[in-house]
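Note that the structure is predicted; figures quoted are calculated from it, not measured. Numbering of residues begins at 1 and proceeds along the displayed sequence.
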Amino acid sequence: MSYYQKYRPVHFKDVVGQDSITYILANQVKRRKVANSYLFAGPSGTGKTTCARIMANALAGSNWDITEIDSARLLRGIEEVKELVYKANFGPLGGAHKVWILDEVHELSSAAWNGLLKTLEEPPPYLIIILCTTKLSAIPETVRSRCQLFEFQAINEKATLAKLQIIVKRERLGVTNEAVRFIAGMASGNLRIAEGMLEQVVNLDHGSPRTKDIKKFLQAKII
């Protein structure tokens with residue numbers, strides 16, 4: 001299991017660098033005052049899908065009531081959208097809600113958006129739709145206006161460093177603080193990339209890489 005998977009947050013309080021967003025979402029879930037449609041937008045690796053999963057797990061009574069789809073691969077055509085919309089007619093199996101997490105929704109075609117729009121306008125009361133995108137400008141205004149919009153920001157270097165230091169400590173890695181700080185800086189606000197870099201460099205030099213070798217390795221990859 002990768003570090004990204006192993007240390008992926010399962011509670012809002014553990015999400016890095018999006019405090020205002022997680023505070024609002026956690027309160028909505030706690031009070032059961034949730035919207036039917038959400039739009040999570042922002043750079044890759046900033047916690048959009050993670051927050052969507054945390055929300056889904058808190059609201060849905062069963063994993064059967066959670067549908068997560070990579071829209072770029074599986075939901076670009078109108079037929080796929082029609083099938084998904086048809087399933088909205090069936091209520092949840094284990095609780096009060098069904099949750100759809102539609103990732104990379106900027107990849108949807110105009111026909112696909114048109115097929116989904118009515119469900120966004122008039123969703124059944126039990127359905128929660130969470131749209132995730134890295135390209136907010138590509139989302140039709142008719143869709144944006146029907147969703148609660150949360151804009152995720154690139155994670156600052158300090159927060160990234162703190163998360164990497166937790167992993168280093170728990171995994172007992174032979175990586176210096178200087179090297180970890182270098183990784184945090186190179187990740188440019190993408191925590192998933194930072195955790196991937198850390199996972200790559202720990203295997204250098206039999207698990208005890210020198211800081212200069214880590215820098216050389218990562219700089220070569222960037223170039």
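Under the 4.5 Å side-chain criterion, counting only non-hydrogen atoms from C-beta, Val15 is not in contact with Phe152. Using a 4.5 Å heavy-atom cutoff, the side chains of Trp113 and Val105 are in contact. For the pair Lys82/Glu79, a side-chain contact is recorded, criterion being any heavy-atom separation below 4.5 Å from C-beta on. Taking the side chain as every heavy atom from C-beta outward, Leu117 and Val143 approach each other to under 4.5 Å.
Considering Ile129, Val99, Ile128 as possible partners of Tyr38, the one that fulfils the side chain to side chain contact (heavy atoms under 4.5 Å, CB included) test is Ile128. When Leu161, Leu164, Thr160, Val168 are each tested for a side chain to side chain contact (heavy atoms under 4.5 Å, CB included) with Ile183, only one passes: Leu164.
Look at Glu195 and Lys163 and you find a salt bridge, because one of the NZ, NE, NH1 or NH2 atoms lies within 4.0 Å of a carboxylate O, short of that distance.
Proximity of a side-chain donor or acceptor of Lys98 to a complementary backbone N or O of Lys87 within less than 3.5 Å is detected. Tyr7 contributes no side-chain N or O that, together with a main-chain N or O of Ser2, makes up a donor-acceptor pair within less than 3.5 Å. A distance-only check finds a donor-acceptor pair linking the side chain of Lys48 to the backbone of Gly42 [under 3.5 Å]. Side chain of Glu199 to backbone of Tyr3: a donor-acceptor contact under 3.5 angstrom is found. When atom types are taken as modelled, the side chain of Asn57 and the backbone of Val10 share no donor-acceptor pair closer than 3.5 angstrom. Using modelled atom types, no side-chain atom of Arg172 and backbone atom of Lys169 make a donor-acceptor pair closer than 3.5 Å. Judged purely by atom type and a 3.5 angstrom limit, Gln18 uses its side chain to pair as donor or acceptor with the backbone of Thr46.
In this pair, Phe150 and Phe40 present their aromatic rings perpendicular. The plane angle is above 60°, beyond the 30 to 60° band.
Separating the CG atom in Asp103 from the CZ atom in Arg73 is a distance of 10.5 Å, to the nearest 0.5 Å. Between atom CG of residue Asn190 and atom OG of residue Ser44 there is a gap of 6.0 Å, rounded to the nearest 0.5 Å.
Annotation for Asn63: atom CG does not count as buried by contact number, only 12 or fewer foreign heavy atoms lying within 6.0 Å.
Checking Arg146 against Ser37 by side-chain atom types alone, no donor-acceptor pair falls below 3.5 Å.
Linking ILVMFWY residues whenever their side-chain heavy atoms come closer than 4.5 Å, directly or via other members, leaves Ile21 and Leu149 in distinct clusters.
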One pair to check against side-chain contact (heavy atoms from CB on, under 4.5 Å): Leu39 and Arg144. What are the steps and the verdict? CA-CA 7 Å; Leu39 178 56; Arg144 293 171 61 171; 3.8 Å; yes
Worked check of side-chain contact (heavy atoms from CB on, under 4.5 Å) between Thr119 and Leu127: CA-CA 9 Å; Thr119 305; Leu127 180 61; 3.9 Å; yes
